[in-house]
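Here is the structure we will look at.
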Amino acid sequence: MLMSNSLHNVVIGVLGLQGDFEKHVEMLRRIDGVAPLIARTPEEVRVCDGLIIPGGESTTVGKLMVRYGVDEAIKSRVREGMPIFGTCTGMILLAREIEGSEQYRLGLMDITVRRNAFGRQIDSFETDLQIPAICDSRPLRAVFIRAPIVSEVRGSAEVLSRLADGRIVMVRQGPHLAAAFHPELTDDTRIHEYFVNVVRRFTPTALNTK
Amino acid sequence: MTEEQKSTWRTKVGLAEMLKGGVIMDVTDAEQAKIAEDAGAVAVMALERVPADIRREGGVARMADPLKILEIMSAVSIPVMAKVRIGHFVEAQVLEALGVDYIDESEVLTPADEEHHIDKHKFNVPFVCGCRDLGEALRRIGEGAAMIRTKGEAGTGNIVEAVRHMRTVMSEIRKIQSMREDELMAEAKRLGAPYELVVEVHRTGKLPVPNFSAGGIATPADAALMMQLGAEAVFVGSGIFKSENPAKRAKAIVDAVTHYDKPEIIAELSKGLGRAMDGIDVRQLEERELLSVRGW
């Protein structure tokens, strides 16, 4: 007898073309009912219920996506309802607009991003972040590495978190989630758990086939 | 409430995490840097001469001209690294002032200190250092290196030393992993490595920081070989811009690192790349010509 969705594995893919995908896999392994999968090919993307696009170099990941048809596989799964969570590079690739850049992007969220918005590596930092919708009142330690910010939010995209100075660092639109920082570099799994729950909600097959 | 901290250990190692599965390419000017970025490099190493030229021309090899480094930094949006001589902490202070993203304390340049490496904990910019074995890797991490690369033998286009160093590091890690806890202090003594780091390797079965490969990679198959041996990313020095068709070879090596476990893809992208760089048989080199023996 089916008790609840949580008894059934959802397949969360982590795009493994380049970047810190292993760190995301380590986070997902700590969450019950999740089968993590490193996805590098269109075939691997097609079996995912949800997909994380990790940190890395956005120009590199964008090129590798296109060269092997992974971008089209992602877009086609998104049309079927697959949620995506992008961190840093993943957020850049989810954005419709990238300031001053023609580089490849999936363009699935109505946001504009600015790359390297804080400067170079020497300006990388960590800070306590309030994310009311996900983390209640207990702040999350957020690690920003040569990080982008969201400079504009349009349409149904909504802001989930801002820095103390007001700059936007986390957004949601429909099933998609984007963060300028790296929750995968801490031991705090709250954001990953939140995304897994989004995937469970958006996965019609989770109850009967997984 | 919002306690902000810059240049933490987590941000330093974090950038290395972001470079995993990627290719870091040596470049000597803005034009080469653009070619590297367009090919899909995750970062570039700004240099005045690639290792093959340093080897041929001889003389003292130093940190590059700051103008050269700034020119490359303004040409690309990806991270820019630059090299300092082993032990030359003032060259490192200069690179930090320029704002480079990573400093390579490198045996490819002529050492400035034959006894002491740089105290890398003192810097806000993260460092990468070379190693030939696990003891050397853990000593550099003890000094503050946030990324390790096996040395190989730079500027030879010959993968044999890179393979030797990576196999050595990986087999020493496996050995520590299988030891009893009461054997770790003796092993730390044997390796000449900080005890706490030996304990960490025993517990996790890997280096405490990302482990990349360098020195002698000239083909897509070379790059994939290093990845299959356990490298988490690769540095390619002379192998790209000393070859017949740098743009095409660079792109092929990028793809080979991503798909390192798919021979059919490597077969396809290895076709018609033009001539690779001329290689050197490492066994023909005199001891004094070896770069990898610099540092300890």
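First the proteins, then the strands, lettered A, B, ... as listed; each starts at 1. Basis for what follows: all heavy atoms, side chains included, without hydrogens, waters or symmetry-related copies.
When heavy atoms are compared at a cutoff of 4.5 Å, A:I145 approaches chain B solely by way of its side chain, counted from C-beta outward. With a 4.5 Å cut-off on non-hydrogen atoms, A:L64 touches chain B through its side chain but not through its backbone. Residue B:A39 touches chain A through its backbone alone, counting heavy-atom pairs closer than 4.5 Å. Contact of B:K251 with chain A is made through backbone and side chain together, with heavy-atom distances under 4.5 Å. Residue A:S124 touches chain B through both its backbone and its side chain, counting heavy-atom pairs closer than 4.5 Å. No part of A:S101 comes within reach of chain B, as not one of its non-hydrogen atoms sits under 4.5 angstrom from that chain. Neither the backbone nor the side chain of B:V257 comes within less than 4.5 Å of any heavy atom in chain A. In this structure, chain A has no heavy atom under 4.5 Å from any part of B:E232. The contact between A:R115 and chain B is made entirely by side chain atoms (from C-beta outward), counting heavy-atom distances below 4.5 Å.
Each of A:D123, A:N116, A:T89 has some count of heavy-atom pairs under 4.5 Å with chain B, and the biggest count is that of A:D123. By number of non-hydrogen pairs under 4.5 angstrom with chain A, the leading residue of B:G22, B:A41, B:S77, B:S7 is B:S77. By number of non-hydrogen pairs under 4.5 angstrom with chain A, the leading residue of B:V13, B:I265, B:I78 is B:I78. Among A:Q103, A:R146, A:K23, A:R40, the residue with the largest count of heavy-atom pairs under 4.5 Å with chain B is A:R146. Taking B:V23, B:V42, B:N124 one by one and counting their heavy-atom pairs under 4.5 Å with chain A, the maximum is reached by B:V42.
Annotation: side chain of B:M18 is in contact with side chain of A:L185 (closest heavy-atom distance under 4.5 Å). Using a 4.5 Å cut-off on side-chain heavy atoms (C-beta onward), A:R141 and B:Q5 make contact. Side-chain contact between B:K6 and A:I122 is absent, with no heavy-atom pair separated by less than 4.5 Å. Two residues are said to be in side-chain contact when any heavy atoms from C-beta on lie closer than 4.5 Å; A:E126 and B:E4 fail this criterion. A 4.5 Å side-chain heavy-atom check between B:E17 and A:E184 finds every atom pair outside the cut-off.
Of all non-hydrogen atoms in B:P126 and A:Q121, the two that sit nearest each other are CD-CG, 3.7 Å. Between B:V254 and A:R67, the closest heavy-atom pair is CG1-NH1, 4.1 Å. Shortest non-hydrogen contact noted between B:P79 and A:E57 is CD-OE2, 3.3 Å. The minimum heavy-atom distance linking A:Y68 with B:L269 is given by the pair OH-CD2, 3.7 Å.
For B:K20 and A:E22, the salt-bridge test fails: no basic side-chain N is under 4.0 Å from an acidic carboxylate O. A salt bridge links A:E26 to B:K206: one of the charged nitrogens lies within less than 4.0 Å of a carboxylate oxygen.
More than 12 heavy atoms of other residues, nucleotides or ligands sit less than 6.0 Å from atom CD of A:E99. In A:F125, the CZ atom is crowded: over 12 heavy atoms of neighbouring residues, nucleotides or ligands sit closer than 6.0 Å. More than 12 heavy atoms of other residues, nucleotides or ligands shown are found within 6.0 angstrom of NZ on A:K75.
Rounded to the nearest 0.5 Å, atoms OG1 (B:T258) and NZ (A:K63) are 12.5 Å apart.
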Exercise for review: Please assess A:T60 against B:E37 for the test side-chain contact (heavy atoms from CB on, under 4.5 Å), listing each intermediate value before the final yes or no.
Suggested key: CA-CA 8 Å; A:T60 304; B:E37 184 176 48; over 6 Å; no

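At distances below 3.5 Å, not a single donor-acceptor pair connects side-chain atoms of A:R120 with backbone N or O atoms of B:D101.
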